[in-house]
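Encoded as structure tokens, the structure appears first; notes follow it.
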Number of protein chains: 2
Amino acid sequence: MLHDPPSKPERSFEIVARRIAAMIQASYRIGQRLPAERDLAKTFGVSRPTVREAILSLAMAGMLKVRSNSGVYVISRQEAPDVHKLEGFGPFENLEARQLIEPQIAAIAAQRGTEAIFAQLAEALAMMRWEHAQGREADTSDHRFHMVLAEATGNGALVSISDSLWRAQTESGIWQEIHNHMQMEDYRPMWRRDHEAIFEAVQARNPRKASLAMTRHLNNIRDALMEASKAKSMAKSTATTKPTISRGKIR
Amino acid sequence: MLHDPPSKPERSFEIVARRIAAMIQASYRIGQRLPAERDLAKTFGVSRPTVREAILSLAMAGMLKVRSNSGVYVISRQEAPDVHKLEGFGPFENLEARQLIEPQIAAIAAQRGTEAIFAQLAEALAMMRWEHAQGREADTSDHRFHMVLAEATGNGALVSISDSLWRAQTESGIWQEIHNHMQMEDYRPMWRRDHEAIFEAVQARNPRKASLAMTRHLNNIRDALMEASKAKSMAKSTATTKPTISRGKIR
DNA sequence: AGTCCAAATTGGTCAGACCAGCTTGGCTTT
DNA sequence: AAAGCCAAGCTGGTCTGACCAATTTGGACT
């Protein structure tokens with residue numbers, strides 16, 4: 001086979017992948033089977049391994065589906081907007097997810113909560129007061145409060161999700177920055193009141209009230225986050241460019 | 001090289017990809033170069049094309065970066081999927097979590113959905129119909145439908161959670177059992193109607209309707225699951241053997 | 001007409017080879 | 001001795017041809 005002496009900015013499987021994608025968009029329907037790899041190789045004038053790499057890349061992009069010993073099938077006529085790159089979502093996305101989930105967790109906790117749960121919540125609250133009285137942040141007890149609430153649902157999946165969101169939040173660089181650059185002391189009474197309201201509603205077995213209290217709490221967090229991020233953006237607005245490697249992707 | 005006579009649930013490049021990923025997480029830093037393809041092939045006891053496919057898949061997943069004539073470099077230590085590893089709870093817990101989250105996702109999707117999203121949803125639906133017409137299950141298109149819906153929210157955290165829940169569900173042994181022991185054909189028209197109702201509500205930009213449609217859909221799934229688990233418990237509930245994970249798609 | 005089995009088809013994998021560009025280390029030159 | 005230069009070697013990129021196993025299919029047999 002001949003090569004292109006002038007320039008090879010791309011690996012050839014990328015070219016083939018684009019041609020296959022174009023072919024599909026032009027004249028294939030969903031579910032339809034593509035020609036065999038051997039035929040595609042002949043059609044495009046490349047070797048089978050190259051065709052395989054192209055197909056693999058389109059399969060990873062959610063456009064094709066390979067069924068062993070059967071064929072390659074179209075499952076979408078357009079490349080999926082990389083499903084995988086949801087690595088680092090911002091704190092606001094994270095918070096929105098919490099806003100969807102945690103109020104409902106609180107409501108369920110109000111229904112299913114046991115005395116043991118209430119005791120643990122009270123404990124977490126007491127610890128929070130103690131830490132604040134010491135002039136420290138109460139991240140640990142805060143985390144624990146939300147976790148106990150999730151555990152009160154008796155649903156492991158919800159606990160796991162809740163924990164993941166919390167961790168993703170506290171581990172995000174922006175969150176850390178805020179902790180460093182803001183006077184968190186001003187917010188502490190609010191956090192405390194929020195948690196107490198949630199606790200009371202749950203203990204009173206009032207799902208609606210619990211849900212609302214949690215919603216208010218998360219709204220307060222959102223407001224604080226917005227204020228902080230606004231204050232921060234004034235400080236240094238540059239360097240916000242994302243030098244992170246623009247992952248692979250077919251150009 | 002030896003082959004596995006018993007069963008090959010996965011393509012070997014996937015196994016190699018996982019081993020490479022594990023190797024990186026264990027003892028590689030970002031920016032570090034991997035051994036040459038030839039060496040990796042020797043290390044893992046596979047051929048170079050297989051290693052190439054594994055590397056390509058990890059590159060598409062944003063974990064590696066291939067530089068021609070230089071080497072393969074680590075750009076992220078975590079693979080995109082399994083950000084949250086949700087395991088160890090039953091399908092009912094999983095489903096309850098979905099019942100909390102997905103209706104709200106549908107509502108948001110109805111508000112924020114773009115034409116491109118609608119097109120992708122329509123495609124997933126078309127594929128589902130086609131697969132059913134072929135007498136096959138439509139797991140792939142089903143998954144895709146729910147993922148596109150999550151993506152419509154523009155919230156990566158929600159996409160990630162949604163995906164995790166789905167995977168945890170389909171990979172659970174119980175779910176597989178049900179697929180094998182039940183006449184899924186009877187349910188197909190219902191699944192199809194459910195999805196169509198969701199699609200129509202989202203496209204009509206009616207959040208309330210979308211949310212309700214999704215709730216109905218998940219209720220139907222729950223009912224089917226209960227019936228199946230009831231039927232199964234009569235047969236035999238032991239024998240929770242863990243067969244090699246034949247990922248999805250049966251018959 | 002229905003059933004069953006074997007051949008054809010197809011993706012999955014392997015082996016070995018050559019090419020072109022990047023890297024490196026030794027050599028020449030200053 | 002330091003600086004620049006060039007060739008040998010790595011490394012990924014690609015090709016060829018082959019064999020395997022599972023699926024699919026079509027014809028032979030019942």
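Predicted model, so just to flag it, every value in this text is computed and none were measured. Proteins get letters first, then strands, A, B, ... in listed order; numbering begins at 1 in each.
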Practice task
Let me know the distance between CD of E53(A) and P of dG11(C), rounded to the nearest Å.
Solution key: 16 Å
Can you pull every protein N or O that's under 3.5 Å from an N or O on nucleotides 7-12 of chain D?
from: dT11(D); atom 1: OP1; to: R33(B); atom 2: NH2; distance (Å): 3.2
from: dG12(D); atom 1: OP2; to: E37(B); atom 2: N; distance (Å): 3.0
from: dG12(D); atom 1: O4'; to: N69(B); atom 2: N; distance (Å): 3.3
from: dG12(D); atom 1: N7; to: R38(B); atom 2: NH1; distance (Å): 2.9
from: dG12(D); atom 1: O6; to: R38(B); atom 2: NH2; distance (Å): 3.0

Problem - dG13(D) phosphate, OP1 or OP2, under 4.0 Å from T50(A) side-chain N/O - result: no
Problem - Any donor-acceptor N or O pair under 3.5 Å, side chains Q99(B), N219(B) - result: yes
Practice task
Write down the distance between NZ (K42(B)) and P (dA15(C)), rounded to a whole number of angstrom.
Solution key: 10 Å
Exercise for the section: Using atom CD1 of I55(A) as one end and atom C1' of dT10(C) as the other, report the distance to the nearest whole Å. Expected result: 11 Å
Handout entry: Salt-bridge present (E93(B), R222(B); N to O < 4.0 Å)
Key = no
Problem - Integer-rounded Å distance: dT23(D) C1' and K65(A) NZ - result: 15 Å
Problem - Between H146(B) and D163(B), a side-chain donor and acceptor under 3.5 Å - result: no
Handout entry: For R144(B), the option from Q120(B), M128(B), M127(B) that meets side chain to side chain contact (heavy atoms under 4.5 Å, CB included)
Key = Q120(B)
Practice task
Please state how far atom CD in E14(A) lies from atom C1' in dT14(D), giving the value in whole angstrom units.
Solution key: 14 Å
Problem - Aromatic ring pairing H143(B)/W166(B), orientation class (parallel under 30°, perpendicular over 60°, tilted between) - result: parallel
Practice task
Mind checking side chain to side chain donor-acceptor pair (under 3.5 Å) for N220(B) and listing every partner two or more places apart, or none if nothing turns up?
Solution key: D194(B)
